[in-house]
Amino acid sequence: MATLLPRAFYARPSPVVAQECLGKILVLETKDGPLSGRIVETEAYLGIPDKAAHSYGGRRTHRNEVMYGPPGHAYVYLVYGLHDHLNLVTSAPGDPCAVLVRAVEPLSGEGRMRQRRPVVTLTALTSGPGKLCRAFGIDRGYNGHDLCCSPLFLVDGPAPARVVRTPRIGVANAGAWARRRLRFLDPESRFVSRLRTG
DNA sequence: TGAATGATTTACT
DNA sequence: GTAAATCATTCAA
C-alpha cells in the first residue's frame, strides 16, 4: 500500500526522520511517467548547533531560507558548481533541520534515468547524492517544493531489516560533529554510496 | 565589487 | 590513489 507520507512524518528530529526514511519510496512524476526509487542512505543535519550544516549558528541566508520554513518541503542546492543535492526539511518552522538523501535503488523509470546519466554499472546510477539528483532530473527548480504534493513526494515502504549508522561524508572540517553517527544506511543494499572500503 | 570555498563526481596515473 | 572540474553563495572591504 503506497500511502503518501503526511507532513507529520517530517515534523520530528532529523535523526529520527533520517532513519525512518530508509525503505521509503522517493517518487517524481514527470510527463513521461513516474520515476521512483527506494531510499537506502540518508544523513541528518541538526541545524543551529551542527557545525556541518548550512544553518550552523543560526545563519539565515537566501539559500537556506527553506530550512527555516515548515517541515515536509524540499531543500535543493548546488554544490561544487555542478552537483545538486536533495534534502527533506524536518523538525518545526524556525528550526533549520534537514535530511540529505544520499542514495536510492531505482524502482521505476530506470531506463530514463540511464538516458539522463550514461553510466556503465547499474549501481552507479543513483549511489550518491549528486548522482541520484541527476538521474531523477532534480535541480534547484524543486527548491521549496511541498513534499506532500505532486510531482515530488515520498510514499510509505518496508523498513530495512537492519540499519547501520556511520559518520557523515564530506564534513571532515566540522570538528567533533564529523564523528557523530548521523549517516543511516541499509547494509543489505548495494546502492549505498560507500559502505566500507572493503 | 571582488575573492574564497564547498553536504562531490569523474577521469587519469 | 590523486587531482581537476566549475559556479552559486557567502564574507569581507
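Note on naming: letters A, B, ... go to the chains in the order of the sequence lines (proteins, then strands), and numbering restarts at 1 for each one. Since we're looking at a predicted model, the values are computed, not measured.
A salt bridge is defined here as a Lys NZ or Arg NE, NH1 or NH2 lying under 4.0 Å from an Asp or Glu carboxylate O, and A:D139 with A:R134 fails to meet this definition. Between A:R168 and A:E43 no salt bridge is recorded (no basic side-chain N to carboxylate O distance below 4.0 Å). Between A:R114 and A:E110 there is a salt bridge, since at least one side-chain N of the basic residue sits less than 4.0 Å from a carboxylate O of the acidic one. In summary, A:R162 and A:E188 do not engage in a salt bridge, as defined by a charged side-chain N under 4.0 Å from a carboxylate O.
Rounding to whole angstrom units, CG of residue A:D84 and C1' of C:dT9 are separated by 14 Å. One atom, CZ of A:R63, and another, P of C:dC7, lie 16 Å apart when rounded to the nearest Å. In this entry the distance linking NE2 of A:H85 with C1' of B:dG6 reads 10 Å, nearest Å. Following rounding to the nearest Å, A:I138 (CD1) and B:dT8 (P) show an atom-to-atom distance of 17 Å. At whole-Å resolution of the value, CD in A:E65 and P in C:dT9 are 13 Å apart. If you measure from atom CG of A:L78 to atom C1' of C:dA8, you get 6 Å, rounded to the nearest angstrom. Distance CG (A:N87) to P (B:dT8): 11 Å, rounded to an integer number of Å. The CG-P distance, from A:D50 to B:dA7, rounds to 11 Å in whole Å.
The neighbour count for A:R190 CZ, taken as heavy atoms of other residues, nucleotides or ligands under 6.0 Å away, does not exceed 12.
On a pure distance criterion of 3.5 Å, a polar donor-acceptor pair joins the side chain of A:Y77 and the base of B:dA7.
Counting only N and O atoms by type, the side chains of A:T126 and A:E105 include no donor and acceptor under 3.5 Å apart.
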Applying side chain to side chain donor-acceptor pair (under 3.5 Å), run through A:Y75 and A:H54 and close with a yes or a no. CA-CA 11 Å; A:Y75 171 43; A:H54 288 161; 2.9 Å; yes

Between protein and nucleic acid, restricted to nucleotides 10-13 of chain B and to nitrogen or oxygen atoms under 3.5 Å apart, what atom pairs and distances do you find?
{"unit_1": "B:dT10", "atom_1": "OP1", "unit_2": "A:R117", "atom_2": "NH1", "d": "2.7"}
{"unit_1": "B:dT10", "atom_1": "OP1", "unit_2": "A:R117", "atom_2": "NH2", "d": "3.1"}

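Across the strands present, B:dG6 finds its partner in C:dC7; the criterion is a Watson-Crick or G-U wobble pair with both atom distances under 3.5 angstrom.
Nearest nucleotide to the A:L82 side chain, out of C:dC11, C:dA5, C:dA8: C:dA5. Among the nucleotides C:dA8, B:dG6, C:dT10, the one closest to the side chain of A:R140 is C:dA8. Closest approach to the A:L100 side chain among C:dT10, B:dT8, B:dA7 is made by B:dA7 (side chain taken as heavy atoms from C-beta onward).
Here A:H62 does not reach the OP1 or OP2 of C:dT9: none of its side-chain N or O atoms lies under 4.0 Å away.
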